[in-house]
Amino acid sequence: MALLPITLIGDKILKRKANPVKEVDIKTVELIRDMFETMRNANGIGLAANQVGSDKAIIVIDISVIDGHEDSKPMVIINPKITYRSEKKVFIEEGCLSIPDIRAEVERPAEITIVYHDTDLKEITLDAKDILARVIQHEYDHLQGILFTDLISDEMKKKFKKDLIKIKQRKVEFQYPVTSHIDYQMQL
Ligand code: ZN
């Protein structure tokens, strides 16, 4: 197991669409383990593979740290597709390990249906609502190259502009390992 450095807003891989997983080989299993370790170390409840520098369509989620969700099991979501989005939308505050210390209310569908593969590449259909629907949609967006800051109003974007530049320049204190600026701008 290993802690992986988390990519930050500005890293180009966060703007790229993920590629489907065709085989869950030993490297994929290791990646998934490392994603869980990296997420938990950073006190996150969801993580997409491009947040640790991989282009694979993989999400890990564990919302059991949230009050009232202690019984929920850790989830590995591979090759997801959202097949239903409720008309009803809700505002919920979001944060992101790739955009530390920035939080904003984001409007998204309240309920979704997702079709994905588990680690045996078996197809699963899941209806999700409340916080789980929210986390899945946030992470699903990562696999499309979309960050929550892409979804907020221009006014909010303006408000965060200086802070985002500081993150991109690594001029804030990070509570967990992050990528170096140069690596991810130059090589990816
Ligand atoms: Zn995120």
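In each ligand, atom 1 is the first atom listed, and ligand 1 is the first ligand listed.
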Name each donor-acceptor pair under 3.5 Å that joins a side chain in residues 97-107 to protein atoms two or more places apart or in another chain, with its distance.
from, atom 1, to, atom 2, distance (Å)
Ser98, OG, Thr7, O, 2.7
Ser98, OG, Gln51, NE2, 3.0
Arg103, NE, Glu93, OE1, 2.9

Using distance only, find each side-chain donor-acceptor pair of residues 24-48 under 3.5 Å and give its atom names and separation, not counting sequence neighbours.
from, atom 1, to, atom 2, distance (Å)
Asp25, OD1, Lys27, N, 3.4
Asp25, OD1, Thr28, N, 3.0
Asp25, OD1, Thr28, OG1, 2.6
Thr28, OG1, Asp25, N, 3.4
Asp34, OD1, Ala2, N, 2.8
Glu37, OE1, Ala2, N, 3.0
Thr38, OG1, Leu4, N, 2.9
Thr38, OG1, Asp34, O, 2.7
Arg40, NE, Asp62, OD2, 3.4
Arg40, NH2, Asp62, OD2, 2.8

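- Listed by first and then second residue, the side chain to side chain donor-acceptor pair (under 3.5 Å) pairs involving residues 71-89 are Asn79-His117 (not counting sequence neighbours).
- With Asp118 contributing its side chain and Asp120 its backbone, the two residues share a donor-acceptor pair below 3.5 Å.
- Here the protein contributes Cys96 SG, His138 NE2, His142 NE2 as N, O or S atoms under 2.8 Å from the Zn ion (ligand 1).
- A donor-acceptor pair under 3.5 Å links the side-chain atoms of Asn50 to the main chain of His142, judged by distance alone.
- By the 4.5 Å heavy-atom criterion applied to side chains, Phe160 and Ile152 are counted as neighbours.
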